[in-house]
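What follows is a short report on a single structure.
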Protein chains: 2
Amino acid sequence: MEKKYWVPALEKANDVLQLVSEQPSKLKLIDLSKQLGINKSSMFSLLNTMEALEWVVREPESTYSLGSKLGFIGNAFFKQFSLIDRFRKEAAITKHTIQETIQLAKLEQRDVLYLAKEEMPSPVRLSSEPGMKLPAHVTALGKAMLASLAESDFEALFPEEALLPELTPFTIKTRSELKAQLAAARAEGFAFDLQEAVMGFCCVAAPIRDAQGRTIAAISCSMFQHEWEAKRELAQREICALAAKLSQDAVQVNS
Amino acid sequence: MEKKYWVPALEKANDVLQLVSEQPSKLKLIDLSKQLGINKSSMFSLLNTMEALEWVVREPESTYSLGSKLGFIGNAFFKQFSLIDRFRKEAAITKHTIQETIQLAKLEQRDVLYLAKEEMPSPVRLSSEPGMKLPAHVTALGKAMLASLAESDFEALFPEEALLPELTPFTIKTRSELKAQLAAARAEGFAFDLQEAVMGFCCVAAPIRDAQGRTIAAISCSMFQHEWEAKRELAQREICALAAKLSQDAVQVNS
DNA sequence: AACCTAGGTTTATTATAATAAACCACGATG
DNA sequence: CATCGTGGTTTATTATAATAAACCTAGGTT
């Protein structure tokens, strides 16, 4: 990470927030200090400030959890995407007919950014959460969106036959393979992910388009690999239907 | 604000985030620098770091908006409150029968902290957003929750016959007046706000209780003052019904 | 084209945040 | 009851972030 024009206090705060968000109400000053390798007096000032700004709250047992300010800012972040509300409402219905988790995401450079999730109660839960990112080329969501990029935009994003990050043995390895799959997705109107992001999981995804036909987001349905055979067709149909519905007078997604 | 054990970089970042969240994609480096009175070179480093940490994103026109990291952290904040999901689902139904905005909040010291909002489309919208705070004593939500506090806890929160912040001419002015209203709320099972927080608006609120009967949150319905007469009874009934429903096996709200 | 200005970047200096170390309070342990 | 160890707080020193000022570039103006 670049070290010039850098404000280390922010990086430290960021690390603290990350850790606290993973284990709220579990960590005390000393734990944070040790786990992050930050001097405890620095941590003291840091936590003192963060508490005053309501980025964190100090619990009675002097453990820390996230503060309301971050809830507020986070809410403002998601507010930029008016699609989300409609997604929540509609997907809540669809998820019951498919009986699987449905997600909404947008493309951000070479990554998909998860915006919302409607999940079915299940013993295993996908680790993807709103606000998280994953490389676009390993997900059905990403492929659904990359598929509608203009040739030149695609070239700009993936300049050379680069080694793409691999998350499973099934992850696409080359740009040419990706291009082939995108062509297929473009033709069919939806994209797959067959254990390419997480072993044991498959997805279908379809793009959401605005009035001008530009792709602004995508939705997906994820399921166990062993359910794929049986459910695949239903999921595909439902996801396409939902995508079509959400595409109607969809407002653009930020930027 | 306390100046010892202080990390000004965080305060600056906080101000930047606040401003950017209010006007996403509007402000450039120089605007932020001027409006916040922060030296532009400091702002340069600040924004550079914040961008690298994905707290903000720099748009093509070099304006700034909130970044995905904050969405992620904010999401984690709200995840602590499992009530929220159930609220969203149930309130989405109730709001249609009342045709007014419904909100969920918890008590945090002398403030109410808004957790979620289900709103009806309307020309005017309440400014309260998830993550925001308001003094408890000016809101129906706050009174509904304060009402179930033990005498000693109440005393600890409001130690003396203090001058409470007043938001409108109708805001409660003294602790004794507040106590009287809380007694009434306790007896009835719900609380009112008659233009005490925002001129022209009235609310009903009812507490949500866990299995042990402890109040953990509250829900409210807000409406124009001129609708109050006609809708008050319906709203009151629906809010109490919804509160009762959400009280069933409610998990505690954080801390 | 020469001149200005405004937004942004870089550099040099100063103020201060980050650190190590000392200190304190308290609970555990023998 | 004395000792030790741990988590938190304060202090003194050092490293560095924040600033002012200089600098650069691109648009606008005459």
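Lettering follows sequence order; numbering is per chain, from 1.
Distance Glu59(A) CD to dG7(D) P: 18 Å, rounded to the nearest Å. Per the geometry, CD1 belonging to Ile30(B) stands 11 Å off P belonging to dT9(C), to the nearest Å. The separation between Asp31(B) atom CG and dA6(C) atom P is 14 Å, rounded to whole Å. Remark: P of dG8(C) and CG of Leu47(B) are 10 Å apart, rounded to the nearest angstrom. Glu51(B) places its CD atom 10 Å from the P atom of dT9(C), with the value rounded to the nearest Å.
For Ser45(B) against dA18(D), no side-chain N or O and base N or O form a donor-acceptor pair under 3.5 Å. Donor-acceptor pairing under 3.5 Å, judged by distance alone, is absent between the side chain of Ser42(B) and the base of dA17(D). Taking 3.5 Å as the limit, the base of dG8(D) and the side chain of Lys40(A) contain a donor-acceptor pair of atoms between them.
Nearest nucleotide to the Pro8(B) side chain, out of dT9(D), dG7(C), dA17(C): dA17(C). The side chain of Ser41(B) has dT10(C) as its nearest neighbour among dA21(C), dT10(C), dA17(C).
In terms of phosphate contacts, Asn39(B) brings no side-chain nitrogen or oxygen within less than 4.0 Å of OP1 or OP2 of dA18(D). Listed pair Ser62(B) / dG8(C) meets the phosphate criterion, a side-chain N or O lying under 4.0 Å from OP1 or OP2. Note on Tyr5(A): a side-chain N or O is less than 4.0 Å away from OP1 or OP2 of dT10(C).
You'll find the side chain of Met43(A) stays beyond 4.5 Å of the side chain of Lys12(A), heavy atoms only. For the pair Pro165(B) and His137(B), the minimum side-chain heavy-atom distance is below 4.5 Å. Within the 4.5 Å cutoff, no side-chain heavy atoms of Leu83(B) are placed close to those of Lys106(B).
Heavy-atom minimum distance, Ser68(A) versus Lys133(B): OG-CE, 3.3 Å.
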